[in-house]
Amino acid sequence: MNLIIDIGNTKAKIAFFDGGEIVDIVAESNQSLGCLKAFCSKYPVEQGIVATVIDLSEKVLADLAALPFPLLWLNHQTPLPVVNLYETPETLGYDRMAAVVGANEQFPHRDILVIDAGTCITYEFIDSKGQYHGGNISPGMQMRFKALHQFTGRLPLVDTNGRKLPMGRDTETAIRAGVMKGMEYEISGYIESMKHKYPELLVFLTGGDDFSFDSSVKSIIFADRFLVLKGLNRILNYNNGRI
Ligand SMILES: Nc1ncnc2c1ncn2[C@@H]1O[C@H](COP(=O)(O)OP(=O)(O)O)[C@@H](O)[C@H]1O
Ligand SMILES: CC(C)(COP(=O)(O)O)[C@@H](O)C(=O)NCCC(=O)O
Ligand SMILES: [K+]
C-alpha cells in the first residue's frame, strides 16, 4: 500500500491507497501530523510520498524520517508523467502539479481546467497532449473573509453560515454574498473563457471540505475531493523503484 501526504497551508491530508483506490484518509494539523504513526501502523505500507507547500517543523520532519518505509519527497526534479511547461518549476506548488497529474490520469487525451479551492484558489490548464501550461493563483474563501475584516476598520469577520442573498441587505449578507458570489463568478468566468478557447474542455474542482455551488456551474464540473491525493499516488507509482 502507498502512504500519501499532502501538506497544505491550512491542513495536512494523509491517505492510504491500495492500487488506485483510497482505503482511508484523515485531515490533520499541518504543524503536527499527530496521528501519523498510529495511522501507519494500521496498514501494510510499502512506500510513501510527501508533498508540502509549507516549511515543516522539526517534529514533523523527525516523525516522517522515522517511518519504516521509503518516502519520496516530491520536488521539482521528481520525474512526472506529464510535461511541465511552468517557467519556474522550482517555485511551483506541488499540490498544483499533483492535481494536474490526477486529472490527466483520469482523462489523458483531454484539455482540462483544474480548480483547487483550498487556502488559495488555483487554476491550472493541461492540454490533450499532456502538457501542463501553468495557471493562476487567487485568494481562497477564508482568506477573502479574513482580508475584508483585517484590512478595514468596520467590517466584521463573517463566514459562510447564515442568510445568503443574491445582493446583501445588511453588512453581514453583503460580505457573505460578496465573497461567495465573487468566487462563484470568478470560477464560472474562468470556465466560460477557457471553454471558448478549448470547446472540448473538461473541468475538475477539488479542495476544501464542503465546497458547494448553487449555480449551473455545478452541472459541468467533475467534483473530486481527492484529486491531489490521487495525483500524488500516481506520481509515487510512476517513480516506483526510483526512491
Ligand atoms: N465550502 C467551501 N468553499 C470554498 N472553499 C472552502 C470551503 N470549505 C473550505 N474551504 C477552503 O478550504 C480550505 C481548507 O481546505 P484544503 O483544501 O485542505 O486547504 P489547503 O490544501 O490549502 O490546506 C479553507 O481554508 C477554506 O478556505
Ligand atoms: C498557490 C499555493 C499557495 C496553494 O496552496 P494551497 O491553497 O493548496 O494551500 C501553493 O501551491 C504554493 O505555495 N505555490 C507556490 C507558488 C507557485 O505555485 O507558483
Ligand atoms: K489550492
Side-chain angles (χ1 to χ4, degrees), residues 4-15 22 25-34 50-57 60 74-76 78 80 82 84-103 113-126 132-150 157-162 164 175-188 190 203-215 217-218 221 223-232 235:
I4 312 297
I5 305 179
D6 162 30
I7 305 179
N9 283 288
T10 303
K11 281 182 203 154
K13 276 73 67 181
I14 304 173
I22 289 201
I25 174 168
V26 66
E28 261 286 350
S29 152
N30 58 8
Q31 299 302 313
S32 72
L33 304 186
V50 184
T52 180
V53 293
I54 62 169
D55 292 334
L56 301 178
S57 68
V60 168
L74 183 58
N75 66 36
H76 67 278
T78 308
L80 295 171
V82 299
N84 185 359
L85 300 177
Y86 210 59
E87 287 180 7
T88 58
E90 67 285 357
T91 72
L92 174 65
Y94 305 128
D95 51 351
R96 302 180 60 191
M97 197 67 245
V100 162
V101 168
L113 172 68
V114 182
I115 304 168
D116 183 345
T119 310
C120 297
I121 307 177
T122 49
Y123 299 87
E124 322 295 345
F125 177 64
I126 180 161
Y132 167 58
H133 290 254
N136 294 348
I137 303 170
S138 84
M141 191 176 62
Q142 296 310 331
M143 205 181 276
R144 292 174 198 224
F145 280 124
K146 278 188 194 150
L148 290 175
H149 174 53
Q150 202 164 318
L157 183 59
V158 172
D159 63 27
T160 47
N161 304 313
K164 293 184 186 74
I175 292 173
R176 185 173 299 116
V179 167
M180 298 185 72
K181 287 263 157 225
M183 277 181 54
E184 196 175 318
Y185 292 145
E186 178 179 307
I187 291 174
S188 1
Y190 273 103
V203 183
F204 273 88
L205 179 63
T206 190
D209 12 42
D210 54 354
F211 198 90
S212 67
F213 274 115
D214 43 2
S215 82
V217 170
K218 198 175 175 176
I221 53 182
D224 187 342
R225 291 185 54 196
F226 306 127
L227 197 61
V228 172
L229 296 165
K230 288 178 185 170
L232 291 174
I235 293 170

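Counting starts at 1 for both ligands and their atoms, following the listed order.
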Polar-atom distance check: G208 versus ligand 1, any N or O pair below 3.5 Å?
yes
What pair of heavy atoms forms the shortest contact from A12 to L33, and how long is it?
CB-CD2, 3.4 Å
Parallel, tilted or perpendicular for Y86 and Y132, by the 30°/60° rule?
parallel
Give the numbers and elements of all ligand 2 atoms closer than 4.0 Å to a heavy atom of D95.
4 (C), 5 (O), 6 (P), 8 (O), 10 (C), 11 (O)
Taking both backbone and side-chain atoms into account, decide whether D116 has an N/O/S atom under 3.4 Å from the K ion (ligand 3).
yes
Contact atoms of ligand 2, heavy-atom distance to T122 under 4.0 Å
1 (C)
Please could you name the atoms of ligand 2 that L92 approaches to less than 4.0 Å, counting only its heavy atoms?
17 (C), 18 (O), 19 (O)
Looking only at protein heavy atoms, which one is nearest to atom 12 (C) of ligand 2, and what is the separation?
G93 CA, 4.0 Å
Just need the protein heavy atom nearest to atom 16 (C) of ligand 2, so name the residue and atom and give the distance.
T91 O, 3.1 Å
Which ligand 2 atoms does N9 reach within 4.0 Å, using its non-hydrogen atoms?
3 (C), 5 (O), 6 (P), 9 (O)
Heavy atom to atom 24 (C) of ligand 1, shortest distance: which of Q142, K11, M141 holds it?
Q142
May I ask you to identify, for M143, whether its side chain, its backbone, both or neither come under 4.0 Å of ligand 1 on a heavy-atom basis?
neither
Where ligand 1 meets G207 - atom numbers and elements under 4.0 angstrom, heavy-atom basis:
17 (O)
Give the residue, atom name and distance (to 0.1 Å) of the protein heavy atom nearest atom 7 (O) of ligand 2.
C120 N, 2.9 Å
So if I count the atoms of ligand 2 from 1 in the order they appear, which ones are less than 4.0 Å from some heavy atom of Y86?
17 (C), 18 (O), 19 (O)
Taking only heavy atoms of A117, which atoms of ligand 1 are found under 4.0 Å from at least one of them?
12 (O)
Scan side-chain atoms only and decide if E186 and S138 contain a donor-acceptor pair under the 3.5 Å cut-off.
yes
